[in-house]
Amino acid sequence: MAGSSVIVMGVCACGKSTIGEQLAQKLGRKFIDGDDLHPRANIQKMASGQPLNDDDRKPWLERIRDASYSLESKNEHGIIVCSALKKKYRDQIREGNENVTFLFLDGSKDLIMERMRQRQGHFMKENMVNSQFETLERPDAEPQTIVVGIDCSIEEIVDNAAKQLVAQQEAVL
């Protein structure tokens, strides 16, 4: 089987990095935090409390797409964290990549707001939650997409995601 990538996606504070890292460990895959792939200008803009626009996101999404392509071309398997809130963002990541699955971490606005209040040391600000939910185009009906609810423990989320990913891979074989 060729290499593959799973893009762990969702709004801020849904647990993308935590879930992605633990899922990568559980499945024995590489882990790439998409936040580390943001250009400097994007980090500075978000740190000042401004949401990114589509032009800001283009070079970042190219880096995510290239990371996915690199995994695929080297016959490696990885987990990449990227908010990927709009369908066109996900389509840009899919472009030229055959084995990309999106794992949508799905949670209510109330749950996300509560998690934001508990976070420290992250460049996303609480007032940006509304912008994230306004931007989100749910991927429920898109191919190669798995939706996992986040209203349970991290361990349960990781286990549920792993089971669905393994089942999806078995269905393809």
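- Under a 3.5 Å cut-off, the side chain of Asp56 and the backbone N or O of Asn53 do form a donor-acceptor pair.
- Although no hydrogens or angles enter the test, the distance criterion places a donor-acceptor pair under 3.5 Å between the side chain of Asn97 and the main chain of Ile93.
- For the pair Lys16 (side chain) and Val11 (backbone), a donor-acceptor distance under 3.5 Å is present.
- In terms of modelled atom types and a separation under 3.5 Å, the side chain of Arg29 and the main chain of Leu23 share no donor-acceptor contact.
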Show your working on side chain to side chain contact (heavy atoms under 4.5 Å, CB included) between Lys30 and Ile80 and close with a plain yes or no. CA-CA 8 Å; Lys30 277 190 172 185; Ile80 304 172; over 6 Å; no
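- In this structure, Thr101 and Thr145 have side chains that are not in contact, with every pair of non-hydrogen atoms separated by 4.5 Å or more.
- Arg90 places no side-chain N or O within 3.5 Å of a backbone atom of Phe102 that could act as its donor or acceptor partner.
- In Phe31, the CZ atom is crowded: over 12 heavy atoms of neighbouring residues, nucleotides or ligands sit closer than 6.0 Å.
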For a side chain to side chain donor-acceptor pair (under 3.5 Å) check, start with the C-alpha distance between Ser153 and Glu156, then their side-chain angles and the critical distance, and finish with the verdict. CA-CA 5 Å; Ser153 73; Glu156 289 171 306; 3.1 Å; yes
Please lay out, stage by stage, how Gln50 and Ser48 fare under the test side chain to side chain donor-acceptor pair (under 3.5 Å). CA-CA 6 Å; Gln50 299 174 62; Ser48 71; 2.9 Å; yes
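- Around CD of Glu62, the count of heavy atoms belonging to other residues, nucleotides or ligands within 6.0 Å exceeds 12.
- Counting only N and O atoms by type, the side chains of Asn130 and Glu134 include no donor and acceptor under 3.5 Å apart.
- If you take CZ on Arg63 and CG on Asn42, they are separated by 8.5 Å, rounding to the nearest 0.5 Å.
- Note that CZ of Phe133 and NZ of Lys109 are 7.0 Å apart. Values are rounded to the nearest 0.5 Å.
- Using a distance-only test at 3.5 Å, with no hydrogens or angles considered, no donor-acceptor pair links the side chain of Thr18 to the main chain of Gly15.
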Between Asp54 and Lys86, is the salt bridge (Lys or Arg N to Asp or Glu O under 4.0 Å) condition met? List the steps. CA-CA 10 Å; Asp54 285 354; Lys86 290 185 181 180; 3.4 Å; yes
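- When atom types are taken as modelled, the side chain of Ser68 and the backbone of Asp66 share no donor-acceptor pair closer than 3.5 angstrom.
- Put simply, the side chain of Asp106 reaches to within 4.5 Å of the side chain of Arg138, judged on heavy atoms.
- No side-chain heavy atom of Asp35 sits under 4.5 Å from any side-chain heavy atom of Val81.
- Under the 4.5 Å side-chain criterion, counting only non-hydrogen atoms from C-beta, Cys12 is in contact with Gln132.
- Between the side chain of Asn75 and the backbone N or O of Gly3, at least one donor-acceptor pair lies under 3.5 Å.
- Looking at Val148, Val147, Ile7 one by one, the single match for side chain to side chain contact (heavy atoms under 4.5 Å, CB included) with Phe104 turns out to be Val147.
- Side-chain contact between Leu27 and Leu165 is present, with at least one heavy-atom pair separated by less than 4.5 Å.
- Under the 3.5 Å distance criterion, the side-chain polar atoms of Glu72 are left unmatched by any main-chain donor or acceptor of Ser4.
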Can you list the steps and then say if Lys163 with Asp159 is a salt bridge (Lys or Arg N to Asp or Glu O under 4.0 Å)? CA-CA 6 Å; Lys163 286 175 189 167; Asp159 286 345; 5.7 Å; no
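- Arg57 contributes a side-chain N or O that, together with a main-chain N or O of Leu52, makes up a donor-acceptor pair within less than 3.5 Å.
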Asn160 vs Gln164, side chain to side chain donor-acceptor pair (under 3.5 Å): CA-CA, chis, key distance, verdict: CA-CA 6 Å; Asn160 187 11; Gln164 289 192 55; 3.0 Å; yes
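- The nearest pair of heavy atoms linking Ile112 to Gly107 is CG1-O, 4.3 Å.
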